[in-house]
Amino acid sequence: MRRDPSILHLDLDAFFAAVEQRDKPSLRGRPVVVGGTGGRGVVSTASYEARAFGARSAMSTIEARRLCPPGTAFLGSRFAAYRRTSDVVMALLRELSPLVEPVSIDEAYVDLAAGDHDLSVAGVTALATDLKARIAAATGGVTGSVGIGTSKAIAKIGSELRKPDGLTVVPPGQELDVLHPLPVRSLGGVGPATAERLHQIAVTTVGDLHRLSLVDLTSLLGQAHGTGLHRLARADDDRPVVADREAKSVSAEETYARDLSDPVRLGAEVDALARRVGTRLRSSGTSGRTVTLKVRRPDFSTLTRSSTLPQPIDDPRLIAEVAHRLLAGIDRHAGVRLLGVGVSGLATFVQGDLFALDEPPTTTDLPVDESPDPEQPAPTAAVPWYPGQDVEHDEHGAGWVWGSGLNRVTVRFEGPRTPPGRVRTFAGDDPALRPGSPPDWTPPDPSAPDPSGPDPSEPDPTPPDPTAAG
DNA sequence: TCTGGGGTCCTAGGACCC
DNA sequence: TCTGGGGTCCTAGGACCC
């Protein structure tokens, strides 16, 4: 716990759905559900309009369709678009402090003490108010909830307290007043299993938890977890904000629309997963010694088999070879619902200047503006375009806003009809620019779903793009 | 047609070593 | 006729997070 409320936590509100509503104005004010649209899909994000009907993250899409009214948009995920908007937000955070720790695409901690700020309650309140306004302006209306306090745990809880578009500053000394009435479930690290064990001994709030001894907690939950919760209940949390965390594993997995049992097909799927993992390892310049194969059976039981090699590898063929061996040792007679391939025990190649990875975009007919700075979005008052926003253009196909200035917008195209990386500027009021490529909105059909199941020859309408780096 | 995909961290047992 | 006490590495599974 620090003396000043110097830890800020930002959580973007219903992020995927918010980006979709920004890029497609017709979706604004309507329930939007983003996630897997196939038979085994689950919801990634439900807009607040959809939450009003009970749609929630991690719920099966089938159930969300049952709950939401006609007119609800069910959309596949467009990770590249979310990544671009996330990058804009993270750049704004890095203007506040060099110590920014992204937790996920829509969440980050900032250590304000590493910047030059007034750390009084009034000071950080003003800072956060300004930050929220700048995020909304730079992203075209995506909002975030902010919590600020003396530790990561308190900041995170603060951002949860008022959502969406909230701001909570917990003044130093008032941590326990905020913490103790909350359900134990609101502490990070308390999931369904831990909550259930605690409920069995009549512990439902953080205040209840505070009354348990360290010995009680560690004997109930294990050493690390027990100690961690004992401290959290006392707001005793000095975890640092760590920028640039290194990845510890890389994996790819897929749940199949229909369970697999054909050995040839299984082998081909393992190859495809190994290829995805190897490609990502190589693009990040890393390799690993342990290959793990994951198999989920139709009854949802999940098992893993792993093998550690003497040397780190990143070659998709080698990864596949190991994974094939591991698969051979698993009984697949009941069928396979999911396959996964992962590599861990990562070792970063240190090759100095051999790799200059920051190659500029392929610039074609753009004499100016070739290095628009996403960290410094120019004033956009006269131009309703935001960095990261998807646009459509008659001549060039789909693109996204790379940078914008007064009456001028720079668009980077990567659609099927243009060479990747093509960059052009337009007048901000160019009528050829339109927000959003049409999302693959599937109108809700009361007579759906198709009882024959998805056609395996039909590609997923929005396949995830594992190579998308934003 | 219940239950995705990408991760992190912890535990526990066995092997092995000093 | 006995069995200690660490430490590290590996494997498998599970809880949890977004």
Side-chain angles (χ1 to χ4, degrees), chain A residues 9 11-12 14-16 34-45 56-67 76-77 79 82-83 86 102-108 152 156 159-160 185-197 218 221-229 239 242 245-259 273 276-277 280 289-310 326 329-330 337-346 448-454 460 462-466 468:
Chain A
H9 180 257
D11 193 343
L12 298 172
F15 180 53
F16 294 1
V34 181
T37 51
R40 288 175 166 176
V42 301
V43 175
S44 292
T45 310
R56 293 284 181 276
S57 296
M59 168 184 284
S60 84
T61 303
I62 303 274
E63 181 166 13
R65 282 188 194 275
R66 241 189 20 243
L67 293 169
S77 302
F79 280 104
Y82 312 146
R83 169 56 59 197
S86 174
V103 181
S104 68
I105 196 167
D106 64 351
E107 225 188 291
K152 279 181 160 182
K156 165 105 179 155
S159 71
E160 291 289 325
R185 196 69 175 74
S186 51
L187 291 180
V190 179
T194 305
E196 177 55 30
R197 300 179 92 154
T218 52
L221 302 174
Q223 191 61 42
H225 206 184
T227 311
L229 288 188
R239 290 172 298 162
V242 181
R245 279 190 191 277
E246 300 274 335
K248 306 209 162 154
S249 65
V250 171
S251 65
E253 63 183 58
E254 186 151 343
T255 295
Y256 301 100
R258 284 206 264 262
D259 299 335
L273 292 166
R276 279 157 61 181
V277 171
R280 282 168 51 203
R289 286 179 55 216
T290 303
V291 177
T292 301
L293 179 80
K294 176 172 168 181
V295 172
R296 175 122 70 210
R297 300 209 169 103
D299 67 0
F300 219 73
S301 62
T302 305
L303 35 86
T304 61
R305 293 292 179 270
S306 66
S307 174
T308 298
L309 311 168
L326 295 169
I330 292 177
R337 178 191 174 94
L338 167 149
L339 279 177
V341 171
V343 171
S344 56
L346 301 188
D450 176 4
S452 68
D460 188 307
T462 51
D465 180 5

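Predicted model, so just to flag it, every value in this text is computed and none were measured. A note on names: the letters A, B, ... follow the listed sequences, proteins ahead of strands, and every chain is numbered from 1.
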Return the value, rounded to whole Å, for the distance between atom CE of Met59(A) and atom C1' of dG5(B). 18 Å
Can you tell if the side chain of Ile330(A) reaches within under 4.5 Å of the side chain of Leu293(A), non-hydrogen atoms only? yes
Among dA12(C), dC18(C), dG5(B), find the nucleotide with the atom closest to the side chain of Leu338(A). dG5(B)
Base, sugar-phosphate, or nothing: which does Ile105(A) touch, judged by heavy atoms less than 4.0 Å apart? nothing
Presence of Thr308(A) side-chain N/O under 4.0 Å of dT11(C) phosphate oxygens OP1/OP2: yes
Within the 4.0 Å heavy-atom criterion, would you say Val43(A) contacts the bases, only the backbone, or no part of the nucleic acid? nothing
For Arg258(A) and dG4(B), give me the distance from atom CZ to atom P, rounded to whole Å. 17 Å
Glycosidic torsion of dT1(C) (syn if within 90° of 0, anti otherwise) classifies it as anti
Residue whose closest nucleotide on DNA chain B lies nearer the 5' end, Ser60(A) versus Ala252(A): Ser60(A)
Whole-Å distance between dC18(C) P and Phe16(A) CZ? 13 Å
Nearest-Å distance for atom pair CZ/P, residues Phe300(A) and dG13(C): 15 Å
Just call it for Val103(A): base, sugar-phosphate, or nothing, with non-hydrogen atoms closer than 4.0 Å on any strand. nothing
May I ask you to verify if any side-chain N or O of Arg185(A) is less than 4.0 angstrom from the OP1 or OP2 atom of dC17(C)? yes
So, do Thr292(A) and Ser251(A) sit near enough that their side-chain heavy atoms are less than 4.5 Å apart? no
Which of these nucleotides, dC16(C), dC18(C), dG4(B), is closest to any side-chain atom of Ser44(A)? dG4(B)
Does Ser57(A) reach a base, just sugar-phosphate, or nothing at all? Heavy atoms under 4.0 Å. nothing
Does His9(A) reach the main-chain N or O of Glu160(A) with its side chain, forming a donor-acceptor pair under 3.5 Å? no
May I ask you to say what Gly188(A) touches in the nucleic acid, namely base, sugar-phosphate or nothing, with a heavy-atom cut-off under 4.0 Å? sugar-phosphate
Identify whether any heavy atom of Arg296(A) sits under 4.0 Å from a base atom; if not, whether one sits that close to sugar-phosphate; answer base, sugar-phosphate or nothing. sugar-phosphate
Between dG4(B) atom C1' and Leu339(A) atom CG, what is the distance in whole Å? 14 Å
Any strand counts, and the cut-off is 3.5 Å on both contacts for Watson-Crick or G-U wobble. Which nucleotide pairs with dT8(C)? dA15(B)
Applying a 4.0 Å non-hydrogen cut-off, can you work out what Glu107(A) is touching in the nucleic acid: base, sugar-phosphate, or nothing? sugar-phosphate
When the nearest nucleotide of DNA chain B is assigned to Glu254(A) and to Ser249(A) on a heavy-atom basis, which residue is associated with the more 5' position? Glu254(A)
Please classify the nucleic acid contact of Gly36(A) as base, sugar-phosphate, or nothing, using heavy-atom distances under 4.0 Å. nothing
Looking at Arg289(A), does any N or O in its side chain come under 4.0 Å of the phosphate oxygens OP1/OP2 on dC9(C)? no
Can you find a heavy atom in the side chain of Asp259(A) that is under 4.5 Å from one in the side chain of Arg297(A)? no
Side chain of Asp106(A) (C-beta onward), nearest among dC18(C), dG13(C), dC16(C): dC18(C)
Of the nucleotides dG4(B), dC17(C), dT8(B), which one has an atom closest to the side chain of Thr255(A)? dG4(B)
Where the side chain of Ala224(A) is concerned, which of dT11(B), dA12(C), dT8(B) is the nearest nucleotide? dT11(B)
Distance between the C1' atoms of dC17(B) and dG4(C), in whole angstroms? 14 Å
Please check the phosphate of dG5(B) (OP1 and OP2 only) for any side-chain N or O of Arg276(A) closer than 4.0 Å. no
Atom CG of Leu221(A) and atom P of dA12(B) are separated, to the nearest Å, by 12 Å
Backbone N/O of Phe15(A) and side chain of Thr45(A): donor-acceptor pair under 3.5 Å: no
Need one value for Arg197(A): base, sugar-phosphate or nothing, where a base atom within 4.0 Å counts as base even if backbone is also close, heavy atoms only. nothing
Would you mind classifying the nucleic acid contact of Leu187(A) as base, sugar-phosphate or nothing, using non-hydrogen atoms under 4.0 angstrom? sugar-phosphate
Taking the side chain of Arg337(A) as heavy atoms from C-beta outward, which of dC16(C), dG4(B), dT1(B) is closest to it? dG4(B)
Might you confirm whether atom CZ of Arg239(A) has over 12 heavy atoms from other residues, nucleotides or ligands at distances under 6.0 Å? yes
Just to be sure I understand the rule, does Arg66(A) reach a base, reach only the sugar-phosphate, or reach nothing, if contact means heavy atoms closer than 4.0 Å? nothing
Would you say the side chain of Val103(A) lies within less than 4.5 Å of the side chain of Lys156(A), judging by non-hydrogen atoms? no
Grab the NE2-P distance between His225(A) and dG13(C) for me, whole Å please. 21 Å
Give me syn or anti for dC2(C), where syn covers glycosidic angles within 90 degrees of 0. syn
Base, sugar-phosphate alone, or nothing: which one does Ser307(A) contact when heavy atoms must sit under 4.0 Å apart? sugar-phosphate
In whole angstroms, how far is the P atom of dG4(B) from the CD atom of Glu253(A)? 9 Å
Side chain of Arg305(A) (C-beta onward), nearest among dC18(C), dC16(C), dG13(C): dG13(C)
Check every strand shown and say whether Lys156(A) touches a base, only sugar-phosphate, or nothing at a heavy-atom separation below 4.0 Å. sugar-phosphate
